[in-house]
Amino acid sequence: MKKLFGIAAVFTMLSCHSKEKQPTTQQITEPVQVEQEKGLETATFAGGCFWCTEAVFLELNGVKTVKSGYIGGKTINPTYREVSTGETGHAEAIQIEFDPKKISFGELMEVFFATHDPTTLNQQGADVGTQYRSEIFYHNNEQKKLAEDYIALLDKENTYGKKVVTVVSPAPKFYEAEDYHQNYYSQNKEQGYCSYVITPKVEKVRKQFKDKLKK
């Protein structure tokens with residue numbers, strides 16, 4: 001996490017953006033249906049800059065695809081520039097296609113909560129704004145219950161020393177981000193944000209979740 005850096009100037013330099021607005025979100029009560037290949041399921045997580053979360057989940061066995069994009073706001077077909085203002089209400093998020101025979105939704109959540117800070121409201125390290133909020137967008141009632149129960153357990157066990165602020169919401173339409181955001185880390189590993197912020201997250205997953213990695 002970006003807590004690795006103690007100098008405010010470094011935080012600012014490595015931040016994607018730093019504006020914060022209150023989001024205006026879509027009001028939906030049921031998740032939008034997603035087309036998916038037979039035998040696969042979908043999970044959608046927001047946990048800060050999607051460059052980080054995408055790189056983490058691409059490491060996992062059973063994960064077929066990971067798409068970076070925008071979800072939970074009011075603007076149709078938002079651009080990165082629009083979302084970065086914090087005014088569209090969208091979160092930067094990833095949508096995962098996974099094989100439940102190889103990795104479960106619960107295991108995906110375990111990795112999700114281990115690789116971002118779910119206790120900071122609208123912030124991940126130097127990235128500040130509602131677009132960096134922690135949120136799980138469920139696609140069915142089973143995912144909803146699993147997410148709510150998992151968060152309740154984290155709070156009961158005081159895992160982080162403070163309350164988890166991750167929101168659990170029905171998944172509205174997911175808008176894929178621009179092409180240059182997809183698979184960003186693998187194509188830009190030498191870039192400062194990637195080497196100082198994303199690489200430690202990827203290395204943590206490789207160390208902590210060895211049994212869940214692609215061969």
Side-chain angles (χ1 to χ4, degrees), residues 1-5 11 14-16 42-72 91-98 102-129 131-138 143 146-147 149-151 153-155 157-169 177 181-189 191-214:
M1 295 182 184
K2 302 181 183 79
K3 291 180 180 177
L4 293 170
F5 307 97
F11 274 113
L14 296 179
S15 169
C16 288
T42 302
T44 305
F45 300 133
C49 179
F50 48 29
W51 299 341
C52 297
T53 45
E54 179 195 62
V56 163
F57 285 95
L58 282 171
E59 296 283 313
L60 303 178
N61 184 40
V63 169
K64 182 176 181 181
T65 64
V66 182
K67 295 292 185 181
S68 291
Y70 317 112
I71 193 170
E92 288 193 16
I94 54 167
Q95 193 154 92
I96 304 165
E97 276 190 314
F98 67 98
K102 296 180 180 180
I103 191 167
S104 68
F105 181 75
E107 289 174 307
L108 292 174
M109 279 200 302
E110 184 182 1
V111 175
F112 172 69
F113 281 106
T115 52
H116 84 294
D117 186 349
T119 69
T120 52
L121 185 64
N122 301 327
Q123 179 178 0
Q124 287 297 306
D127 290 330
V128 179
Q131 66 270 34
Y132 302 116
R133 64 188 181 268
S134 178
E135 190 161 1
I136 295 173
F137 295 91
Y138 64 84
Q143 288 187 357
L146 285 170
D149 288 350
Y150 198 96
I151 291 170
L153 180 62
L154 291 174
D155 281 336
E157 296 185 347
N158 197 29
T159 303
Y160 298 96
K162 48 187 173 180
K163 186 176 176 60
V164 171
V165 299
T166 305
V167 176
V168 179
S169 306
H181 289 299
Q182 309 301 332
N183 205 22
Y184 187 89
Y185 173 68
S186 68
Q187 300 179 61
N188 299 276
K189 288 183 179 179
Q191 190 241 37
Y193 187 90
C194 292
S195 59
Y196 287 104
V197 179
I198 305 178
T199 295
K201 287 177 180 281
V202 172
E203 290 177 346
K204 179 179 182 179
V205 167
R206 290 174 179 172
K207 181 178 180 180
Q208 188 171 335
F209 299 99
K210 289 181 181 179
D211 60 327
K212 292 181 174 61
L213 301 180
K214 292 176 179 175

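In what follows, residues are counted from 1 in the order of the sequence shown.
Between the side chains of T199 and Y185, at least one donor N or O lies within less than 3.5 Å of an accepting N or O. H116 and T53 are not linked by any side-chain donor-acceptor pair at a separation below 3.5 angstrom, with hydrogens and angles left out of the test.
Checked against ring pair (Phe, Tyr, Trp, His ring centres under 6.0 Å), F105 has the following partners two or more places apart in sequence or in another chain: F45. Partners of Y150 by ring pair (Phe, Tyr, Trp, His ring centres under 6.0 Å), not counting sequence neighbours, listed by chain and number: F113. For S169, the side-chain contact (heavy atoms from CB on, under 4.5 Å) test picks out E135, F137, V167, with sequence neighbours left out. Annotation: side-chain hydrogen bond (donor to acceptor under 3.5 Å, both in side chains) contacts of T44 (sequence neighbours excluded): Q95, H139. Scanning for side-chain contact (heavy atoms from CB on, under 4.5 Å) contacts around E59 gives V202, V205, R206, L213, with sequence neighbours left out. A search for side-chain contact (heavy atoms from CB on, under 4.5 Å) contacts involving D149 returns K145, not counting sequence neighbours. Contacts of F98 classified as ring pair (Phe, Tyr, Trp, His ring centres under 6.0 Å), with partners at least two apart in sequence or in another chain: none. Taking F209 as the reference, nothing meets the ring pair (Phe, Tyr, Trp, His ring centres under 6.0 Å) condition, with sequence neighbours excluded. Applying the side-chain contact (heavy atoms from CB on, under 4.5 Å) criterion to E157, with sequence neighbours excluded, gives L153, T159. In terms of the salt bridge (charged side-chain N to carboxylate O under 4.0 Å, His left out) criterion, residue partners of K64 (sequence neighbours excluded) are, by chain and number, E37. In terms of the side-chain hydrogen bond (donor to acceptor under 3.5 Å, both in side chains) criterion, residue partners of Q191 (sequence neighbours excluded) are, by chain and number, Y184. Qualifying side-chain hydrogen bond (donor to acceptor under 3.5 Å, both in side chains) partners for D155, counting only residues two or more places apart in sequence or in other chains: none.
With values rounded to the nearest 0.5 angstrom, Y160 atom OH is found 10.5 Å from T120 atom OG1.
Under the 3.5 Å distance criterion, the side-chain polar atoms of K204 are matched with a main-chain donor or acceptor of A114. At distances below 3.5 Å, at least one donor-acceptor pair connects side-chain atoms of Q187 with backbone N or O atoms of N183. Q143 places a side-chain N or O within donor-acceptor distance of the main-chain N or O of T42, the cut-off being under 3.5 Å. Of the possible polar contacts, none joining the K163 side chain to the N158 backbone as a donor-acceptor pair under 3.5 Å is found.
Of the candidates V111, N61, L108, I103 forms a side chain to side chain contact (heavy atoms under 4.5 Å, CB included) with just one, namely L108.
Between V197 and C52, some side-chain heavy-atom pair lies under the 4.5 Å cut-off. Contact of the K67 side chain with the I94 side chain is not registered, since no non-hydrogen atoms from C-beta on lie closer than 4.5 Å. Side chains of H181 and W51 form a contact here, defined as non-hydrogen atoms less than 4.5 Å apart. At least one side-chain heavy atom of F112 sits under 4.5 Å from a side-chain heavy atom of S134. The shortest side-chain heavy-atom distance between Y193 and D127 falls under the 4.5 Å cut-off. Side-chain contact between V168 and I151 is present, with heavy atoms from C-beta onward closer than 4.5 Å.
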Exercise. After noting the C-alpha distance and the side-chain angles of Y70 and F50, does the key distance pass the ring pair (Phe, Tyr, Trp, His ring centres under 6.0 Å) rule?
Worked result: CA-CA 9 Å; Y70 317 112; F50 48 29; 5.7 Å; yes
For this session: Walk me through it: do T65 and L58 pass the test side chain to side chain contact (heavy atoms under 4.5 Å, CB included)?
Result: CA-CA 7 Å; T65 64; L58 282 171; over 6 Å; no
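The shortest non-hydrogen separation linking E92 to A46 is O-CB, 3.4 Å. For the residue pair M109 and I136, the shortest heavy atom distance occurs at SD-CD1, 3.9 Å. Closest heavy-atom contact between E54 and S68: OE2-OG, 3.5 Å. Of all heavy-atom pairs between L154 and V164, the closest is CB-CG2, 4.1 Å.
Within 6.0 Å of NZ in K210 there are 12 or fewer heavy atoms belonging to other residues, nucleotides or ligands.
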